[in-house]
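Worksheet for the structure shown next.
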Amino acid sequence: MSTDPKTQIALMEKIVSLCKRRGFIFQSSEIYGGCGGVWDYGPLGAELKRNLRTAWWNTMTREREDVLGLDASILMNPAIWKASGHVDTFADLMRECSLTNKRVRADHVDPQSGTVLKYSGAQSPTGWRWDRPITALTKSGEHIESFRKRIRALIAQNAGESAGKPEEIELLNEEKIDTVNGSVDFHPETGGMLGEARPFNLMLKTYLGPTATEADVTYLRPETAQAIFAQFKNVFDSSRVKVPFGICQIGKAFRNEVTPKNFTFRSREFEQMELEFFIKPDEAVEIICGEVAAWKEGADLSEPQPNWGWELWHRYWVDQRTKFYHGIGLGEVLEYYWQTNEDLAHYARACVDILCQFPFGTEELEGIAARGDFDLSAHQSASTKSQEIFDEELKTAAAKLSEEQKEALIQKRLAAEAAKTKGEPLTEAAVRAWFERLFKGSYVPHVIEPSAGLDRMALAVIAKAFEETEKVDEKGKKEIITVLHLHPRVAPIKVGVFPLLKNKPELVAKAREVYALLKKHMNVFYDETASIGRRYARQDEVGTPFGITIDFETCGEKGPELRDTVTLRHRDSGEQERVKIRDLLPKLLAAVS
RNA sequence: GCGGGUGUAGCUCAGUGGUAGAGCGCAACCUUGCCAAGGUUGAUGUCGCGCGUUCAAAUCGCGUCACCCGCUCCA
């Protein structure tokens, strides 16, 4: 994939254009001028998405014994969003730098001192001009010329190419207006004056109930995960499962993104596929198994083991999810980013981002986080409903421990708490209380959370599959050939069925027969118009992996041994093979599932 | 939200004050013995939307909406 930005933007535009032209993705409400940050999936997009959704659902729950499905509602009691922290972190008061429009949290502005300078505007020899007043702070000790240079650079950066070179920008009517001490009204990096504090709530607010008063305010869920936590106990109590086990869910989530962008990559309404996989705390594993298995490079992750702690479970899910991506054709374009201690939220032990190369850059497809017991504990304390589970095996094992062994476990944990670099360490009393519950077999499970975005997965699959080549025919005429190399498992149409010629009734009749035979089992497209080459090309463009042509051999014209055989064409190689009609279904089913 | 750019047929785009166009695609018919063949015919646009200037606006001005790029954020 080229890395030149212009080529990449052009590539993205071609993909958007193909998506519209062939019915993958449309702009929402297009006839009314669109609607910001939301997209509709057309006939082929709906099939593609459905295939991805099904692939995920099958690998995550139906093919496993230890994961259960859930389908929770989008609207929930708003208390959930307070407990989860979304109301706080998603509704910050933000202030904007008047110079660069960079936003900072209103409560995160460090006090600064210096001289306040004001300009009436700026202009450059290119004819560009900016008429709004510019107010900025010279930091204490900053030389006036270096200040002016800095302001010109910031303006140039913000204005783009039209302003020309930064050094040629002229700042108009410099005026010293004030000297400030410990002011929080200037951007800590740029020095630009900050605007009014405004709430930037990323959650979509709505009213539940017809009266629409403030008391009825709730939110469209900004993620699907919280419903899993909120229903954790119900699923656990109704399903006869034991930890470790998981609950997965696919569903819509909503965020009032400030800047939706990159086509469907960041939209305001999107579909998530999330798993919360609940595991025993490491201390419980240690009590039961005598030790917690340590992860090392090359560890066998194929089969979960009883002595796995959070680290191996986390690695296991990264491995599982990687295999999934290989299975839908995204294997070669994946990258991984292991969050550093600074990136991580205070409650998280580890988080790896699975990234994928898109034309607009390498961006996140899925995050896999080890979140400890943060979420369930938060809901336990906010709802005052216990989220603990009882573990018979743990109780039995703990009963066999001596008091010294128990104390050693407690001391080990106390040492770990003391060594914490983030968040508040637990008090000794809290640690002892927690162990007391643990020795009785009760704990709040810890969680590993693989969280994927379906829409960006669909976009990744399309972008990866997109290929454009130039072809010159015998007459020297250039043509652009577009092929979507979609994995057969996700392709919206699995096979195209074509009579070689449409004016030969026997070919058409046979083709309709083959079409009917396959249609019950997979999405098949029948096409008899135009030349056979064009029909192949139309299907190549939407990623159909197979084409079946009914020709004169099928009707027995070239000898009885070829009767009831068809041409099976493979999209990527262009190769054709002769296949008996009765062998088609098993052969195709094997390839597309 | 701010700055820059863009908006004309399904797609890509031309048209810069005076009768809305091209290529490709699409539909029908004819033709066609395997990779976008050919022929004939046809459909599709109150030029993103609104207001204004003008005898006259796709074209000029203002506003607005959407998309793209940057700042920001993240599934």
Side-chain angles (χ1 to χ4, degrees), chain A residues 5-6 8-10 12-14 16-23 26-39 90 94 96-104 128 130 132 154-163 190 195 198 200 202 222-225 253 255 257-263 265-267 270-274 353-354 360 363-367 449-457 471 473-475 477 479-482 498 500-504 507 529-541 547 549-553 557-558 567 569 571 574-576:
Chain A
K6 285 216 172 100
Q8 296 298 82
I9 292 165
M12 201 55 216
E13 279 167 4
K14 283 173 187 163
V16 173
S17 165
L18 174 72
C19 281
K20 178 172 187 193
R21 188 158 43 82
R22 297 306 308 267
F26 306 126
Q27 193 182 2
S28 165
S29 325
E30 196 190 78
I31 59 166
Y32 289 101
C35 183
V38 284
W39 301 89
F90 271 44
M94 304 288 283
E96 243 171 32
C97 169
S98 59
L99 199 54
T100 60
N101 301 306
K102 284 191 178 186
R103 297 199 321 275
V104 285
W128 171 90
W130 213 29
R132 80 181 191 203
L154 288 167
I155 290 173
Q157 190 190 338
N158 205 34
E161 285 177 19
S162 54
T190 66
R198 281 180 307 185
F200 277 78
L202 290 184
E223 62 171 42
T224 55
R255 289 184 199 176
E257 291 293 345
V258 180
T259 314
K261 65 173 206 171
N262 290 332
F263 198 27
F265 185 81
R266 177 165 298 115
S267 45
F270 56 101
E271 203 162 344
Q272 285 188 311
M273 307 192 288
E274 295 194 297
D353 297 336
I354 298 185
F360 43 80
E363 297 281 356
E364 186 182 350
L365 211 49
E366 169 159 353
E449 178 191 81
S451 169
L454 175 54
D455 305 87
R456 38 179 77 172
M457 195 184 288
K471 195 178 117 182
D473 67 13
E474 312 89 62
K475 292 170 208 147
K477 205 173 114 192
E479 275 178 324
I480 303 288
I481 308 287
T482 305
F498 319 116
L500 184 60
L501 297 172
K502 76 167 168 188
N503 60 352
K504 300 284 189 280
L507 293 181
T529 65
S531 72
I532 191 69
R534 171 174 297 258
R535 281 177 272 166
Y536 287 149
R538 281 174 184 158
Q539 292 307 308
D540 286 349
E541 197 180 47
T549 304
I550 282 72
D551 50 28
F552 293 96
E553 284 91 324
E557 210 174 78
K558 295 268 171 71
T567 298
R569 173 188 180 265
R571 175 198 64 206
E575 275 170 28
Q576 303 193 344

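Here is how names work: the chains are called A, B, and so on, in the same order as the sequence lines, proteins then strands, and each is numbered from 1.
On the C1' atoms, U8(B) is 10 Å away from G48(B), given to the nearest whole Å. To the nearest whole angstrom, the two C1' atoms, one in G15(B) and one in C71(B), are 36 Å apart. Spacing of P atoms, A57(B) relative to C49(B), comes out at 15 Å, to the nearest Å. Of the C1' atoms belonging to C13(B) and G25(B), the separation is 14 Å, rounded to the nearest Å. Rounded to a whole angstrom, the distance from the P atom of G45(B) to that of G4(B) is 35 Å. Rounded to whole Å, the separation between the P atoms of A75(B) and C2(B) comes to 27 Å. Spacing of P atoms, A22(B) relative to A43(B), comes out at 13 Å, to the nearest Å. Comparing A58(B) with A14(B), their C1' atoms are spaced 12 Å from each other, to the whole Å.
The partner of C60(B) is G52(B), by the rule that a Watson-Crick or G-U pair needs both atom distances under 3.5 Å. When both distances must be under 3.5 Å, the Watson-Crick or G-U wobble mate of C71(B) is G1(B). Judged by Watson-Crick or G-U wobble contacts below 3.5 Å, the nucleotide G42(B) has C26(B) as its partner. Under the Watson-Crick and G-U wobble criteria, each requiring two contacts below 3.5 Å, nucleotide C35(B) is left unpaired. Pair assignment for G7(B) gives C65(B), based on Watson-Crick or G-U wobble hydrogen-bonding distances that are each under 3.5 Å.
In terms of heavy-atom proximity, S267(A) sits nearest to E257(A) at O-CG, 4.0 Å. Pairing each heavy atom of D353(A) with each of E364(A), the nearest pair is OD1-OE2, 3.5 Å.
Using a 4.0 Å cut-off between charged nitrogen and carboxylate oxygen, E541(A) and R21(A) count as a salt-bridge pair.
Between the CD atom of E223(A) and the P atom of C74(B) there is a distance of 12 Å, rounded to whole Å. If you take CZ of R255(A) and C1' of C73(B), they are 9 Å apart, rounded to a whole angstrom. Summarising the geometry, the separation between CD1 on I9(A) and C1' on C67(B) is reported as 13 Å, rounded to the nearest angstrom. Here the C1' atom of nucleotide A66(B) and the CZ atom of F263(A) are 14 Å apart, to the nearest Å. Computed from coordinates, the K14(A) NZ to C24(B) C1' distance equals 15 Å when rounded to whole Å. Rounded to whole Å, atom C1' of G45(B) lies 15 Å from atom CD1 of I31(A). Straight-line distance from the CZ atom of F360(A) to the P atom of C69(B): 8 Å, rounded to whole Å. Regarding E364(A), its CD atom lies at a distance of 17 Å from the P atom of U72(B), rounded to whole Å.
No donor-acceptor pair under 3.5 Å is formed between the side chain of E557(A) and the backbone N or O of F552(A).
At a threshold of 4.5 Å between non-hydrogen side-chain atoms, the residues F263(A) and F360(A) do not count as touching. Using a 4.5 Å heavy-atom cutoff, the side chains of T549(A) and R569(A) are not in contact. You'll find the side chain of E366(A) stays beyond 4.5 Å of the side chain of M273(A), heavy atoms only. The shortest side-chain heavy-atom distance between F270(A) and R255(A) falls under the 4.5 Å cut-off. At least one side-chain heavy atom of T529(A) sits less than 4.5 Å from a side-chain heavy atom of R538(A). Annotation: side chain of E223(A) is in contact with side chain of Q272(A) (closest heavy-atom distance under 4.5 Å).
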Next item on the list: Mark up nucleotides 29-36 of chain B, 5' to 3', with B wherever a protein heavy atom is under 4.0 angstrom from a base atom, S wherever such an atom reaches only the sugar-phosphate, and - elsewhere.
Entry: S--BBBBB
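Counting non-hydrogen atoms under 4.0 angstrom, G37(A) reaches the backbone sugars and phosphates but no base. Looking at heavy-atom distances under 4.0 Å, F265(A) makes contact with a base.
Side-chain N/O atoms of K261(A) include none lying less than 4.0 angstrom from OP1 or OP2 on C74(B). For N262(A) and C69(B), the shortest distance from a side-chain N or O to OP1 or OP2 is below 4.0 Å.
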Sort me out a list of protein N/O and nucleotides 6-13 of chain B N/O pairs below 3.5 Å, or just none if empty.
| residue | atom | partner | partner atom | Å |
| --- | --- | --- | --- | --- |
| C11(B) | OP1 | K20(A) | NZ | 2.3 |
| C11(B) | O3' | S17(A) | OG | 3.0 |
| C11(B) | O2' | S17(A) | OG | 3.1 |

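Of the N and O atoms on the side chains of D551(A) and T567(A), at least one donor lies less than 3.5 Å from an acceptor on the other residue.
Nearest-nucleotide assignment on RNA chain B puts the 5′-proximal partner with Q27(A), out of Q272(A) and Q27(A).
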